[in-house]
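See structure below.
Side chains are part of it too, since the values below use all heavy atoms of this structure and drop only hydrogens, waters and symmetry mates. Being a predicted model, the structure only gives us computed values, none of them experimental.
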Amino acid sequence: MRIVIDPSTFDCRNMGDVAMLQVAVVRLRALWPTALIQMFTNQPDALLRHCPDVEPIRQDGRQEWFTDRFFLGSIHQYLPAALSEQFIKLKHSLRSRWPGLEEFAVRLKIFMSGKQNDGFNSFTKAMHQADLFVVSGAASISDAMPVHARTVLGTVEKAVQNGTPVAMFSQAIGPMENQALVCMAKAVLPKASLISIREQRGSMPLLKSVGVSMDHIVVTGDDAIQLAYDGRSKRQADGIGVNIRLASYSGLDLTLVEQVRRALFTIAEKFKAPFIPIPIAMHDVANDPQNIVELLKGCDTN
C-alpha cells in the first residue's frame, strides 16, 4: 500500500496543520500498518520530527508541474494580461486532456534549462505509484489562497487521471468566488472519493454548488481536536487559551486588537482566570506569537 499526502504545511510552522497531519497519519496507519506513506515538504527534517515514519517528497518537484507560468517564465511579464492568461489556460487544458504530453514538456523544459530534475522525478513517480492520495486538513481551497488552491486541485486532478482514489480530510472550503478557481473546483472536487469537512454552514453548500455528491461528504469537525482530547488532563483547568491570527487572509488587522483585548480582559477578570498563549502559526505570513504579545499588552500571563 502506497499513500501520498498533501500536508498543507510544507515547513511545519503551522501547528494546527501539523496536528491535523499527525492525526491523519495515525488513522491511516491504523488502517494500513505497513503502508509506505509519502509526503510533500520543503523541510524534511522538520517533517520527520513530527511524523517520523513517513517518507518526504520534495515540494519543489510538484511546483514545476503546477506553476502557471512555468513554460514561458519571466516572458509573461512582457505579455498583455489577456494573452498571458490565454497561455495559462492552454497549460491547464494540456494538463487536463493530455497529462502525458505536459509531463514530457516539463521534462524537456527542465533539461533545456540545465537543472536537475530529481524533484520532478520523485513527484511524478510517487503520484504514478500511489494507491491513495490524501489531502490532509487545511483551509486553503479558497479565494484567500488561489495559487495554493490551484496546486492542490491540480494534484487531485492528476491523482484521478492516474486512477488513484482521493480522500480529503478536515477541510474548510471557501469562500470561493474567483471564477477560474470555481471552474477548476467544479471539474475536480466531484471526482474525490471522500471530502470530510469541519463545518456544514459554509463548506457544505459550496461543495454542493460545484457538483459534489452528498454521498462523498462527511462532516467530521476539526481533526486537530483529537490530539487535544487524547492529551486531556483529569485536572479541571481554569485558564483561557488565547491566539489571534492577523494575516492578509484572515480579514483581521490591528484595528480590532483593542476591541478583542477589552473583551478578553473583562471575561478574565470575571472568572479570575489566567491567559495561556497558544500560538499556532509561526512564519512571516502569520506570526501568532508576535500578535499574541500585542493582544495581551498590560497583562501578566503568568
(Q) Test side chain to side chain donor-acceptor pair (under 3.5 Å) on R27 and Q226; report intermediate values, then the result. (A) CA-CA 11 Å; R27 291 174 176 174; Q226 179 175 327; 2.6 Å; yes
(Q) Walk me through whether V23 and L227 qualify under side-chain contact (heavy atoms from CB on, under 4.5 Å). (A) CA-CA 7 Å; V23 171; L227 284 186; 3.8 Å; yes
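Under the side chain to side chain contact (heavy atoms under 4.5 Å, CB included) criterion, D45 pairs with R49, not counting sequence neighbours. Applying the salt bridge (charged side-chain N to carboxylate O under 4.0 Å, His left out) rule to R261 yields the partners E258; only residues at least two apart in sequence or on another chain are considered.
For an aromatic pair to be called close, the ring centres must be under 6.0 Å apart, and H148 with F10 satisfies this.
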Show me the donor-acceptor pairs, under 3.5 Å and distance only, between side chains in residues 166-177 and residues at least two apart or in other chains.
from	atom 1	to	atom 2	distance (Å)
S170	OG	D223	N	3.0
Q171	NE2	S136	O	3.1
Q171	NE2	F169	O	2.9

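Checked by atom type, the side-chain pair N178/D143 shows no donor-acceptor distance below 3.5 Å.
With contacts defined as side-chain heavy-atom distances shorter than 4.5 Å, the pair V156/K191 does not qualify. Side-chain atoms of L36 and E55, non-hydrogen and from C-beta on, do get closer than 4.5 Å to each other.
Here the straight-line distance linking atom CG of D17 with atom CD1 of I280 works out to 9.5 Å at 0.5 Å rounding. Residue L296 holds its CG atom at 7.0 Å from CG of L264, rounded to the nearest 0.5 Å.
Checked for salt-bridge contact, D6 and R62 meet the test: a charged N lies under 4.0 Å from a carboxylate O.
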